[in-house]
Amino acid sequence: MPARSIDEILAVVEDHRAVLEATAPVAEQLGTAPAELVAAMRSIRVPLVKAPVEVGGDLLSMPDQLRFFSALAYLNPTAGWTGFNHAGAAGRAASSLPDAGVEEVFGGGAVPFFSAIATPTGTYCNADGGVVVDGTWRFASGIGHAEWLMLTAAPGPDAVVARLVVVPVAAVTVFGEWNVVALQGTGSLNITANGVFVPEHRVIDPRVGPLRGGLHYAAPYPVYVAAENLGFTLGVAQRFMDELRDAAASRSRGSLVDRETFRADFAEGQLQIDSVRSFALDALTTAWSEYQSGVRPNRLAEQRVAAMVAFGTERVADVAGRLFRYLGASGLLSGTVIERCYRDTLGSAQHLVASNVAYERLGALLIGV
C-alpha cells in the first residue's frame, strides 16, 4: 500500500467518526479497547503512520504526527493514547530491526499492534543466537489488543548496554487491574517475562543508527514521541473546550455565556491552546527539517523539543483546570464527555515525557552548565 498524505489519513479518521465516538465510553467501561475500536484502528492503519515507507508505512512528518494524533484523540482518547504507543513502537521496530525481524513482524501486509515500555525495569542476558529477558514492566498501554511488545531491557551481568527487544505478547504474563482516574480505556497493565528468549533478529542495539526510514528514528525518546504525546493532549483539550462551549450555551438559567468572567477565561484558554499548538508545530517543523537534511539537531535543539512538550502539556492542563470550575456541581457527574476530557487532559500531564525535568535539562544547556 503506498504511503498516504496527512489529508488522506485524516479523511479516513473522519470516515470512522461514528465508531470512534461510539466506542469511547465503552472503552472506559471495559478498561480496554473493545473489538469494534480495534477493528477501526486497524482499518485506519494507526500502527503504521510513523513507520518507514519500505515496510508499508506512511512516515508522517513530526508536525503531521501532531495533527493526526490530535484528530484521533479528539474523537476517542483510548484510540489516541494506545494509538501513539502502537505507532511509536512500530516505527522504531520497522526502522531498526534486521530484515528478518521486519519480515516476521511486518511481512504480508501486516498492521502489527505494539505495546511499548521505555523504562528499563527488566534485564537481559546474552544467549546463543539472541538474548534472554527477565523482569517486570509497568504501564503497557494497549496490551489487551497488542500482538507485540517492545521492551527496554537493562544489561545483565554479561552485557554492557540496554537493548530494545520485540517480544510476542503471548510469551509474557499480563497482570494487574486498571483502576485509574484518567486514561481509563487504555488498559495499561503490567507484564512479566520469565526467561523469554528473543532471537537476534528481534533485538535492537540503540547505539546503531536506523537501518531504514531516516535519521529522526535516532532521536532521543522524548523527542521521538513529542508530536504524538502532545498531539493527544491537544486533541482531548480541544474537545474539552468544544464541549464546554456547547454546555455553557445550552443552560437555560444562569447561562455561563452571560458571565463576562467566563467569556474572558474561555477566550484566554482557547488562545492558550492555540499558542501551544503553534509553538509545537514550529518546533516540530524545525526539528523535522534538520533530521531530513541528514544532520541531527544539536542537543540544545533536541532538548527544546522535549521541553516544549512539558511546557505545552502544563499550559493546556492549566486551561482545563481553570475552566472546569465554571461547571459547578454538574461537573462532578461522571460519564459525560466533558468530564472524560477534563480527566484525560490532566492525566496526560502525568506521562514521563511531560515531566518538568525537561526544563532542568534545557536550563542547563541554556546557561552552559
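Quick note: residue numbers are just sequence positions, from 1. Predicted model, so just to flag it, every value in this text is computed and none were measured.
Under a hydrophobic-cluster definition in which Ile, Leu, Val, Met, Phe, Trp and Tyr are linked whenever side-chain heavy atoms come within less than 4.5 Å, directly or via other members, Phe139 and Leu352 are assigned to different clusters. Follow the hydrophobic side-chain contacts under 4.5 Å out from Leu10 and you reach Val49 in the same cluster. Follow the hydrophobic side-chain contacts under 4.5 Å out from Leu149 and you never reach Val46; the two are in separate clusters. Cluster annotation: Trp288 is connected to Val225 through the hydrophobic network of ILVMFWY side chains, with a link wherever side-chain heavy atoms come within less than 4.5 Å. Hydrophobic clustering (side-chain heavy atoms under 4.5 Å, transitive across Ile, Leu, Val, Met, Phe, Trp, Tyr) keeps Val236 apart from Phe324.
Between the side chain of Glu28 and the backbone N or O of Ala24, no donor-acceptor pair lies under 3.5 Å. The backbone N or O of Asp158 lies less than 3.5 Å from a partner atom in the side chain of Asn126, making a donor-acceptor pair. In this structure, Glu103 contributes its side chain and Ala100 its backbone to no donor-acceptor pair below 3.5 Å. Looking at Glu21, its side chain never comes within 3.5 Å of a backbone N or O of Arg17 through a donor-acceptor pair. Looking only at distances, a side-chain donor or acceptor of Arg343 sits under 3.5 Å from a matching main-chain atom of Val181. Here the side chain of Thr121 pairs a donor or acceptor atom with the backbone of Thr136 at under 3.5 angstrom. A donor-acceptor pair under 3.5 Å is absent between the side-chain atoms of Ser43 and the main chain of Ala39, judged by distance alone. A donor-acceptor pair under 3.5 Å is absent between the side-chain atoms of Thr23 and the main chain of Val26, judged by distance alone. Put simply, the side chain of Thr152 never gets that close to the backbone of Pro120: no donor and acceptor are under 3.5 Å apart. For Asn76 (side chain) and Leu20 (main-chain N/O), a donor-acceptor pair under 3.5 Å exists by modelled atom type.
Leu230 places a side-chain heavy atom less than 4.5 Å from the side chain of Leu66. Contact check for Leu284 versus Met308: side-chain heavy atoms found under the 4.5 Å cut-off. Counting heavy atoms from C-beta on, the side chains of Glu228 and Lys50 come closer than 4.5 Å. With a 4.5 Å cut-off on side-chain heavy atoms, Val172 and Thr192 do not count as touching. Looking only at side-chain heavy atoms (C-beta outward), Val131 and Val165 come within less than 4.5 Å of each other. The closest side-chain heavy-atom distance from Leu189 to Phe175 is not below 4.5 Å.
The structure places CG of Asp15 at 9.0 Å from CD1 of Ile44, a figure rounded to the nearest 0.5 Å. Interatomic distance, CG of Asp58 versus CG of Asp64, reported as 10.5 Å (0.5 Å rounding). Considering CD1 of Ile117 and CD1 of Ile191, their distance stands at 5.0 Å, rounded to 0.5 Å. A distance of 6.0 Å separates CG of Leu362 from CD of Gln303, quoted to the nearest 0.5 Å. To the nearest 0.5 angstrom, Asn85 atom CG is 7.0 Å from Ser188 atom OG.
Between Asp242 and Arg239, no side-chain nitrogen of the basic residue sits less than 4.0 Å from a carboxylate oxygen of the acidic one, so the salt-bridge criterion is not met. Contact check on Arg212 versus Asp99 returns a salt bridge, with a Lys/Arg side-chain nitrogen under 4.0 Å from an Asp/Glu carboxylate oxygen. A salt bridge links Arg202 to Glu104: at least one charged side-chain nitrogen sits closer than 4.0 Å to a carboxylate oxygen. Here Arg42 does not pair with Glu36 in a salt bridge; the nearest charged N to carboxylate O distance is not below 4.0 Å.
A donor-acceptor contact under 3.5 angstrom links the side chains of Ser96 and Arg92, judged on distance only. A donor-acceptor pair shorter than 3.5 Å cannot be found between the side chains of Ser348 and Asn229. A donor and an acceptor atom, one from each side chain of Asp134 and Tyr124, are nowhere located under 3.5 Å apart. For the residue pair Tyr224 and Glu302, no side-chain donor N or O sits within less than 3.5 Å of a side-chain acceptor on the partner. Checking Glu314 against Tyr359 by side-chain atom types alone, a donor-acceptor pair falls below 3.5 Å. Between the side chains of Gln270 and Gln238, a donor-acceptor pair is found at a separation under 3.5 Å. At a cut-off of 3.5 Å, with distance as the only test, a side-chain donor of Ser141 or Trp81 sits close to an acceptor on the other residue. Side-chain polar atoms of Trp178 and Thr186 form a donor-acceptor pair below 3.5 angstrom.
In this structure, Arg67 fails the cation-pi test against Phe69, since its NZ or CZ atom is not both closer than 6.0 Å to the six-membered ring centre and inside 45 degrees of the ring normal.
Heavy atoms from other residues, nucleotides or ligands lying under 6.0 Å from CZ of Arg299 number 12 at most. Applying the 6.0 Å contact sphere to CZ of Arg263 captures more than 12 heavy atoms from other residues, nucleotides or ligands. With a 6.0 Å radius and a threshold of 12 heavy atoms from other residues, nucleotides or ligands, Arg304 has its CZ atom at or below the threshold.
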Any chance you could lay out the side-chain contact (heavy atoms from CB on, under 4.5 Å) test for Met241 and Ile273, step after step, and finish with the verdict?
CA-CA 10 Å; Met241 295 296 288; Ile273 292 172; 3.5 Å; yes
Could you please spell out the steps behind the side-chain hydrogen bond (donor to acceptor under 3.5 Å, both in side chains) verdict for Asn194 and Thr173?
CA-CA 8 Å; Asn194 292 314; Thr173 300; 5.0 Å; no
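Aromatic rings of Phe114 and His86 (six-membered ring for Trp) have centroids beyond the 6.0 Å cut-off, not under it.
The aromatic rings of Tyr221 and His351 lie parallel to each other, with less than 30° between the two planes, well short of the 60° mark. Using cut-offs of 30° and 60° on the angle between ring planes, the pair Tyr342 and Phe240 is tilted.
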